[in-house]
Each structure stands twice: as C-alpha cells, then as structure tokens.
Amino acid sequence: MSITEQALPYIRGISPYVPGKPITELAREMGLSVEKIVKLASNENPLGMSPKARAAVEMAISGLERYPDQFALIAALAERLGVAQNQIVLGNGSNDVLDLAARVFLAPGRSSVFSLHAFAVYPLATLSAGGACIVVPARHYGHDLAAMRAAIRSDTRMVWIANPNNPTGTFLPYPDVKVFMHSVPADVVVVLDEAYNDYLPPAERAESVAWIKEFPNLIITRTFSKIYGLAGLRIGFAVAAPEVADLMNRVRQPFNVNNLAVAAACAALDDHLFVAESYALNRRGMEQIVAGLKRLGLEHIPSHGNFVTFAVKEGATVNQKLLKQGVIVRPIGGYGLPNHLRVTIGLETENARFLEVLEKSL
Ligand SMILES: *Cc1c(COP(=O)(O)O)cnc(C)c1O
C-alpha cells in the first residue's frame, strides 16, 4: 500500500493550481533571452513596485533578525477603511485569507457556492477544507447572483464572489451585490473578493466595507499584488466583523506576513501618485489592446480589471505560437474557457508587441 493512500481523500482529489509561466522558465525552454520576453500572464503591475515601497523595503532589511510587527499596517488599513483594528486579518497574499476563511467555515459535510469561470482559489480553498463545491453556471461569463442564491443548500456555509472577476473581468454593479446580501441567509458567509477594486472607475466603486456593520456574515478581501505592484512580496488582507476576524486570526500563522511585506505595504498605501499612474496606464492600455483585438476580428469579454480575456479558436495552439515568440499570456482552459486567452494590460510597448505577435499567430 502506498503512503499517499493514507492522505485525506479530499486532498488527493484536488487538481493543482497552474500559475502563469515565469519569464526565466520560458527563457530556458525556448532558448530566448530574458530581455526579449514579455510576460502578460499574471495580472502583475507593469510599472513594477512603488518607489516609496522600494525605499521602505531597503530600510527594513536592517531588522530582519526580528519577528515582524504587523501593528503599523493593521493601524493604517483600519484608518484608511474606517474600521476597527480588530476587523483586519493580514494574509500572505489575499489567497491566504481566502484559505483562512474556508478553514473557519468549511469542513466535510459542508459546501460552498461559486460561479463557473470564477477565481481558481475558491475550489482549492473549499476542497482543502474538505467542503463540497457547488458550481453555478455563468451568465454572460459572469456571476449569476439569482442562480447563486438559488444554489444555496442547507449545508452551504460560504459563497464566493469575485468583483471584478478573474479571469473573465466581469463586474457586478454594487447595488446588485447589496440586494444579494439581503437575500442570503444570515448564517452563510459571503466572501467578496475585491482584488481588482482599485482598477474600477470611482463611479463604479462602493463603500462595501461599511456594509459589514449590517452584514456580519460578509468578509471582504483585498490585495497588494495588483495595483500596488507587490505580488512577489505576498501580502493581502481581509476585513470582517470583529468576531469573524477573531476566528480567522486564530487559524492564521502568527507571522504569516513578513517584515519586508509590512514595510512595503505601509509605504505603498501612501503612494497615491503611483496608484494614480498605474490606474491611468491601465485605462490607456486597455483601450489599446481592445482596439487591437477588434482590428484582428477577435471578440473579447469587456473587462473591469487589469487584463482582458478574448476568444480565439484553438487557444492552446495560438498560446504555443505566442510562447515561441516570447510572449506569455494565460491559457484559461482550466477555468472552462479553452477557446479564450487572458492577457494582462502591460506597458504600451508590451501591448504593441503582444498584438503584433498575436496577429502572426492566428
Ligand atoms: C490576483 C487575485 C487575487 C490576489 O491574490 P494574492 O494572493 O493577493 O496575490 C485574489 N483574487 C483574485 C480574483 C485575483 O485575481
């Protein structure tokens, strides 16, 4: 008998997450030089990290012999968001807090509800806690809130919503999300994943964090990986009712967020100029890529994030051709979209290179 047979059956049933291909890996595989490769596969910030965050990291290098003090970041986030400090849960990336939420509320015999084509971490977090996944068919590639409400069973303890969603870029107007919150039983947790919140035009945003007072079953998650440009440092957070945050903090590893990440995140929060530049660059790049896709006769799903998903026949073959020419995008067959590719909005030159290579690859 093999030792793996002793593992929990629900762990053995998990399909591993497939990340975007790293630049160095493609360079090795294709014998290309790293400088020639354009990676638009993981929704990273093409401007890099905020200069203020970089300076803070350099400062924090002296002090790495000490365990992290997370207080300054928790205090800054609480103030920025208008909540109490005991409502913040820090994560090693927001994926970490998604997992903490699942560990608190899911187990064998319980289920979670999410949409088809939603973020890959929802099934991963659900299955690793032993929960069952209820996957609701999508509506115009996005979440169908009425169908998700109807899918809630007596054993359902969580609903996952990504707004905007990755990899489709679809967006639910906040008034609709609020109606959904009113319709969900009070004993079902709703995780509202707002990783791309900062890319929404101000008119589309909402004070969703303020809803937690009315809905103690609401957990909101955000990240420093996207507009703040800190994906490699791994830092994100959840905002929840104090009693929910307390439970999540009990299962959290005490030092899940490191000194450099805390320092960088504190500085990044205050770098309004960098955030504004990143936002503006994304708007322009989105127009550039969407115009290019239209010119090539390719349909896309209108996106509210820093990426866009477009339809292409034989997605895997086109992806292979792009890779050979040093352009990394994201195949999303694993999300039930084998004839689509997702491209992250990059710098103007990167977007142009992507469009040029795509045209040759069709
Ligand atoms: C990128 C992303 C995250 C953030 O992940 P981190 O662990 O914070 O890097 C969370 N949710 C969605 C939907 C994402 O696309």
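We count ligands from 1, going down the list as the structure has it; atoms in each ligand are counted the same way.
- Residue contacts with ligand 1 do not include Asn43, since none of its heavy atoms lies under 4.0 Å from the ligand.
- Shortest contact from atom 11 (N) of ligand 1 to any protein heavy atom: Asp193 OD2, 2.6 Å.
- At least one side-chain heavy atom of Lys178 sits less than 4.5 Å from a side-chain heavy atom of Phe215.
- With respect to the salt-bridge test (charged N to carboxylate O, under 4.0 angstrom), the residues Glu44 and Lys226 do not qualify.
- Close N/O approach between Lys226 and ligand 1 is found [any backbone or side-chain N/O within under 3.5 Å].
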Checklist line | Verdict with reasoning, Asp270 to Arg80, per salt bridge (Lys or Arg N to Asp or Glu O under 4.0 Å) | finding: CA-CA 10 Å; Asp270 280 332; Arg80 177 69 53 88; 3.3 Å; yes
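- With ligand atoms numbered from 1 in the order given, ligand 1 contributes 13 (C), 14 (C), 15 (O) to contacts under 4.0 Å with heavy atoms of Asn166.
- Counting only heavy atoms from C-beta outward, the side chains of Arg157 and Ser111 never approach each other to under 4.5 Å.
- For ligand 1, the atoms sitting less than 4.0 Å from at least one non-hydrogen atom of Ala195 are 2 (C), 3 (C), 10 (C), 11 (N), 12 (C), 14 (C), numbered in the order shown with element in parentheses.
- Between the CZ atom in Phe224 and the SG atom in Cys266 there is a gap of 7.5 Å [rounded to 0.5 Å].
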Note to self: Glu359 vs Arg295, test: salt bridge (Lys or Arg N to Asp or Glu O under 4.0 Å). Steps then yes/no.
What the structure shows: CA-CA 10 Å; Glu359 185 166 13; Arg295 205 167 52 237; 5.9 Å; no
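- Residues Asn319 and Leu341 are in side-chain contact: their nearest non-hydrogen atoms beyond the backbone lie under 4.5 Å apart.
- At a 4.0 Å heavy-atom cut-off, ligand 1 touches Ser94 through backbone and side chain alike.
- The residue among Ala231, Ser225, Ser42, Gly232 with a heavy atom at the shortest distance from atom 9 (O) of ligand 1 is Ser225.
- Arg250 has a carboxylate O that lies under 4.0 Å from a charged side-chain N of Asp246, or vice versa, which qualifies the two as a salt bridge.
- The closest approach between any non-hydrogen atom of Gly236 and ligand 1 is not below 4.0 Å.
- Residue Tyr196 places a heavy atom less than 4.0 Å from ligand 1.
- For ligand 1, the polar-atom distance check against Tyr122 finds no nitrogen or oxygen pair separated by under 3.5 Å.
- Within ligand 1, the atoms closer than 4.0 Å to a non-hydrogen atom of Arg234 are 6 (P), 7 (O), 9 (O), numbered from 1 in the order shown.
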